[in-house]
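Beneath this line is the structure, given in structure tokens, with notes to follow.
Start at 1 and go down the list; that is how both ligands and their atoms are numbered.
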Amino acid sequence: MQDDLERILFDEQTILARLDELAAAITNDYRERELTVIAVLNGSLIFMADLLRRIPLPLKLDCLSVASYHGGTKSTGEVVFRQVALPDVEGRHILILDDILDSGLTLAAIRRKLEGENPRSVRVCVLLEKRIVRTAEVNADYVGFQIENEFVVGYGLDYMERYRNLPCIGVLRKELIAP
Ligand code: IMP
Ligand code: MG
């Protein structure tokens with residue numbers, strides 16, 4: 001699998017060291033608040049597991065499943081909610097966790113949907129943020145790493161459902177991406 005990478009951007013040790021910092025910031029900000037984490041499946045699974053174990057606060061965890069991609073490397077803009085029952089967000093402080101902020105369409109749609117359920121607050125935490133002009137207006141409150149506009153895989157991120165179990169994050173070789 002690692003041979004399919006053009007280059008490695010962040011190895012496992014670098015990722016985990018950054019998660020220590022992110023977790024410390026989140027722990028500090030939510031010390032007096034009842035936190036509900038909503039993880040966006042499937043890309044945030046590994047990030048979520050490693051991050052939450054570094055946050056020593058009582059919190060609730062729920063997951064949302066959406067589809068915004070149809071196999072390629074570009075967002076189609078259409079966000080389909082696969083889960084019928086939405087997590088219970090009313091009156092709670094919500095922290096949305098996602099793998100990557102790209103066009104922003106996915107997170108904007110999720111945020112809009114959750115804000116309609118009367119939460120106390122909504123914040124967004126992403127492992128990666130691409131340095132691009134976003135299609136949808138959405139900001140992340142906590143960002144692991146900023147990256148250039150390249151297609152990356154590993155540590156939860158996939159290309160056609162592969163590479164999620166790579167322990168590092170890297171740029172996929174261009175010739176492996178279907179035109
Ligand atoms: P957005 O709606 O364009 O912000 O896309 C968000 C989703 O697209 C993410 O949650 C990922 O699943 C996927 N995505 C965007 N960029 C990448 C990438 O570089 N590698 C893998 N998945 C990506
Ligand atoms: Mg994906």
Side-chain angles (χ1 to χ4, degrees), residues 1-12 14-15 18-19 22 26 37-52 61-83 86-87 94-116 122-179:
M1 266 195 311
Q2 209 135 316
D3 296 341
D4 290 358
L5 299 181
E6 187 179 293
R7 65 185 194 281
I8 293 174
L9 292 182
F10 310 107
D11 63 17
E12 191 173 13
T14 306
I15 297 169
R18 181 67 186 125
L19 293 200
L22 272 186
I26 293 167
V37 172
I38 298 186
V40 183
L41 300 175
N42 297 330
S44 72
L45 265 179
I46 293 172
F47 171 44
M48 182 264 287
D50 282 340
L51 181 72
L52 294 194
L61 170 63
D62 225 318
C63 295
L64 262 186
S65 181
V66 300
S68 58
Y69 259 51
H70 303 279
T73 63
K74 285 271 181 312
S75 190
T76 57
E78 186 199 347
V79 176
V80 184
F81 287 76
R82 289 196 186 121
Q83 188 173 292
L86 273 176
I94 305 298
L95 181 63
I96 303 169
L97 284 193
D98 206 353
D99 51 359
I100 186 165
L101 183 53
D102 187 14
S103 74
L105 289 165
T106 311
L107 275 171
I110 291 170
R111 197 180 175 130
R112 214 178 310 120
K113 186 118 177 172
L114 295 178
E115 274 170 349
V122 179
R123 283 188 186 175
V124 172
C125 173
V126 291
L127 177 63
L128 304 173
E129 180 180 67
K130 282 192 190 171
R131 280 197 204 96
I132 57 161
V133 179
R134 261 168 263 300
T135 318
E137 206 157 317
V138 58
N139 286 316
D141 303 277
Y142 306 94
V143 176
F145 304 97
Q146 291 206 324
I147 61 169
E148 298 308 320
N149 191 15
E150 294 181 295
F151 196 79
V152 296
V153 294
Y155 198 73
L157 291 120
D158 74 303
Y159 175 59
M160 292 170 78
E161 297 306 323
R162 290 185 60 205
Y163 308 106
R164 292 196 198 275
N165 55 327
L166 264 179
C168 61
I169 296 169
V171 179
L172 190 61
R173 277 168 41 206
K174 307 256 177 331
E175 65 267 30
L176 296 172
I177 298 176

Are Glu161 and Arg164 ion-paired here, with the side-chain N under 4.0 Å from a carboxylate O? yes
Any atoms of ligand 1 less than 4.0 Å from a non-hydrogen atom of Ser103? List them with their elements. 1 (P), 2 (O), 3 (O), 4 (O)
I'd like to check which ligand 1 atoms, numbered from 1 as shown, lie under 4.0 Å from a non-hydrogen atom of Glu150. 19 (O)
Pairwise distance CD1(Ile100) to CG(Leu127) - rounded to 0.5 angstrom: 8.0 Å
Proximity to ligand 1 by part of Asp102, non-hydrogen separation under 4.0 Å: both
By number and element, which atoms of ligand 1 are closer than 4.0 Å to a non-hydrogen atom of Thr106? 1 (P), 2 (O), 5 (O), 6 (C)
Give the numbers and elements of all ligand 1 atoms closer than 4.0 Å to a heavy atom of Asp158. 21 (C), 22 (N)
Could you tell me whether the side chain of Arg123 and the main chain of Tyr142 form a donor-acceptor pair under 3.5 Å? no
Does ligand 1 have an atom under 4.0 Å from some heavy atom of Lys130? yes
Quick one: does Val152 get an N or O within less than 3.5 Å of an N or O on ligand 1? yes
Examine Gly104 against ligand 1 and note whether any of their N/O atoms are separated by less than 3.5 Å. yes
Looking only at heavy atoms of Leu107, does any of them come nearer than 4.0 Å to an atom of ligand 1? no
Can a non-hydrogen atom of Leu157 be found less than 4.0 Å from any atom of ligand 1? yes
Check Glu6 with Lys174, please: is the shortest side-chain N to carboxylate O separation under 4.0 Å? yes
Pair Glu150 + Arg131, salt bridge at N-O below 4.0 Å: no
Between Val40 and ligand 1, which residue portion shows a heavy-atom distance shorter than 4.0 Å: side chain, backbone, both, or neither? neither
Is there a donor in the side chain of Tyr155 and an acceptor in the side chain of Asp50, or the other way round, less than 3.5 Å apart? yes
Is it true that Arg111 and Glu137 have a side-chain N and a carboxylate O under 4.0 angstrom from each other? no
Kindly give the heavy-atom pair with the smallest separation between Cys168 and Phe10, and that separation in Å. CB-O, 3.3 Å
At what distance, to the nearest 0.5 angstrom, does SG of Cys63 lie from CG of Asn42? 9.5 Å
Numbered atoms and elements of ligand 1 in range of Leu105, under 4.0 angstrom, heavy atoms: 2 (O), 4 (O)
Go through ligand 1 atom by atom and flag the ones less than 4.0 Å from a non-hydrogen atom of Asp98. 10 (O)
